[in-house]
Amino acid sequence: VLLVESGGGSVQAGGSLRLSCVAFGDIPSTLCMAWFRQTPGKEREGVASIDTDGRTTYADSVKGRFTISQDNANDTLYLQMNSLKPEDTAMYYCAADWPLYSRTSCDRYNYWGQGTQVTVSS
């Protein structure tokens, strides 16, 4: 599976961006997918995830501002980011995998995109 992100850019605080991630390849069943972000010198942070039943989770730092969604027909993941803050500045990565056994969520991801940069200025 190849993941390709787009939609990053530079915005002022309070602005919005929408990230997209398209999955290419042999995808026989629904993927669980997630967005992560990372800044230099810091560990990668989970931002939001969506399982194969459409249930979502969010990091506390983005709850109420970010929305993750998935278009299964087009194998595309989105992250709508509103009310952006300077601390949201990071490289954002899309991740995907298939859940193990009969689960609907993933606790590890083997497929990663190349990342898209988001920069929020104050």
Side-chain angles (χ1 to χ4, degrees):
V1 176
L2 174 65
L3 303 176
V4 179
E5 303 105 329
S6 62
S10 297
V11 296
Q12 290 192 324
S16 297
L17 283 174
R18 189 193 197 201
L19 305 184
S20 299
C21 171
V22 181
F24 297 95
D26 184 11
I27 305 174
S29 60
T30 304
L31 295 160
C32 45
M33 302 185 77
W35 289 99
F36 289 78
R37 66 186 180 186
Q38 189 169 23
T39 55
K42 292 187 177 181
E43 290 191 1
R44 187 173 55 201
E45 172 191 21
V47 176
S49 67
I50 186 165
D51 72 9
T52 58
D53 281 349
R55 287 183 290 260
T56 58
T57 62
Y58 296 93
D60 288 342
S61 58
V62 306
K63 280 181 181 176
R65 300 188 298 121
F66 290 11
T67 302
I68 188 171
S69 60
Q70 188 175 30
D71 179 352
N72 290 328
N74 294 302
D75 296 319
T76 303
L77 180 72
Y78 301 101
L79 185 68
Q80 178 66 43
M81 305 186 295
N82 298 327
S83 302
L84 283 161
K85 304 176 181 180
E87 50 264 44
D88 294 319
T89 295
M91 184 71 79
Y92 283 72
Y93 297 91
C94 170
D97 213 317
W98 286 278
L100 296 175
Y101 312 115
S102 59
R103 298 179 63 187
T104 60
S105 62
C106 295
D107 54 13
R108 86 289 179 262
Y109 298 92
N110 287 307
Y111 303 100
W112 294 82
Q114 82 288 350
T116 185
Q117 178 68 38
V118 171
T119 302
V120 184
S121 58
S122 58

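These figures come from a predicted structure and were not determined experimentally. No hydrogens, no waters, no symmetry mates; every other heavy atom, side chains included, goes into these values.
Between Phe36 and Tyr109, the ring planes are perpendicular. Angles over 60° get that label, and only those under 30° would be called parallel.
Under the 4.0 Å criterion applied to side-chain N and carboxylate O atoms, Asp88 and Arg37 are assigned as salt-bridge partners. Ion pairing between Lys63 and Asp60 holds under the 4.0 Å rule for side-chain N and carboxylate O.
Atom-to-atom distance recorded for Gln12:CD and Ser122:OG is 9.0 Å, nearest 0.5 angstrom. Put simply, CZ on Arg65 and OG on Ser16 are 10.0 Å apart, with the number rounded to the nearest 0.5 Å. The distance from atom CE of Met81 to atom CZ of Arg18, rounded to the nearest 0.5 Å, is 11.5 Å. Between the OG atom of Ser6 and the CG atom of Leu19 there is a distance of 8.0 Å, given to the nearest 0.5 Å. Taking CD1 of Ile50 as the reference point, atom CD1 of Ile68 lies at 5.5 Å (rounded to 0.5 Å).
Following chains of ILVMFWY side-chain contacts shorter than 4.5 Å, one can reach Val22 starting from Leu2, so the two form part of one hydrophobic cluster. By the rule that hydrophobic residues join a cluster once side-chain heavy atoms approach within less than 4.5 Å of another member, Val120 and Val62 end up as members of one cluster. Cluster membership check: Leu3 does not share its hydrophobic cluster with Tyr93, using side-chain heavy-atom separations under 4.5 Å among Ile, Leu, Val, Met, Phe, Trp and Tyr. Put simply, Trp35 and Met91 are part of two different groups of oily side chains (I, L, V, M, F, W, Y) that touch within less than 4.5 Å, one to the next.
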Problem - Step-by-step side chain to side chain contact (heavy atoms under 4.5 Å, CB included) determination, Trp112 to Cys94 - result: CA-CA 6 Å; Trp112 294 82; Cys94 170; over 6 Å; no
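The shortest heavy-atom contact between Met33 and Cys21 is CE-SG, 4.2 Å. Nearest heavy-atom pair across Pro86 and Ser121 is CG-C, 4.4 Å. Looking at every heavy atom in both residues, Trp98 comes nearest to Thr30 through CD1-O, 3.6 Å. The shortest non-hydrogen separation linking Leu79 to Ala48 is CD1-CB, 4.3 Å.
No donor-acceptor pair under 3.5 Å is formed between the side chain of Gln114 and the backbone N or O of Val4. The main-chain N or O of Ala90 is never found under 3.5 Å from a side-chain atom of Thr39 such that the two would form a donor-acceptor pair. At least one donor-acceptor pair closer than 3.5 Å links the side chain of Asp97 to the backbone N or O of Asn110. Side-chain N or O atoms of Gln70 include one that pairs as donor or acceptor with a backbone N or O of Leu31 at under 3.5 Å.
No side-chain heavy atom of Asp107 sits under 4.5 Å from any side-chain heavy atom of Ser105. Looking at Tyr58 and Val47, their side chains never come closer than 4.5 Å, going by heavy atoms from C-beta outward. Using a 4.5 Å heavy-atom threshold, the side chains of Gln117 and Thr89 count as touching. Between Ser61 and Glu45 there is a side-chain heavy-atom pair separated by less than 4.5 Å.
Checked by atom type, the side-chain pair Asp51/Thr104 shows a donor-acceptor distance below 3.5 Å.
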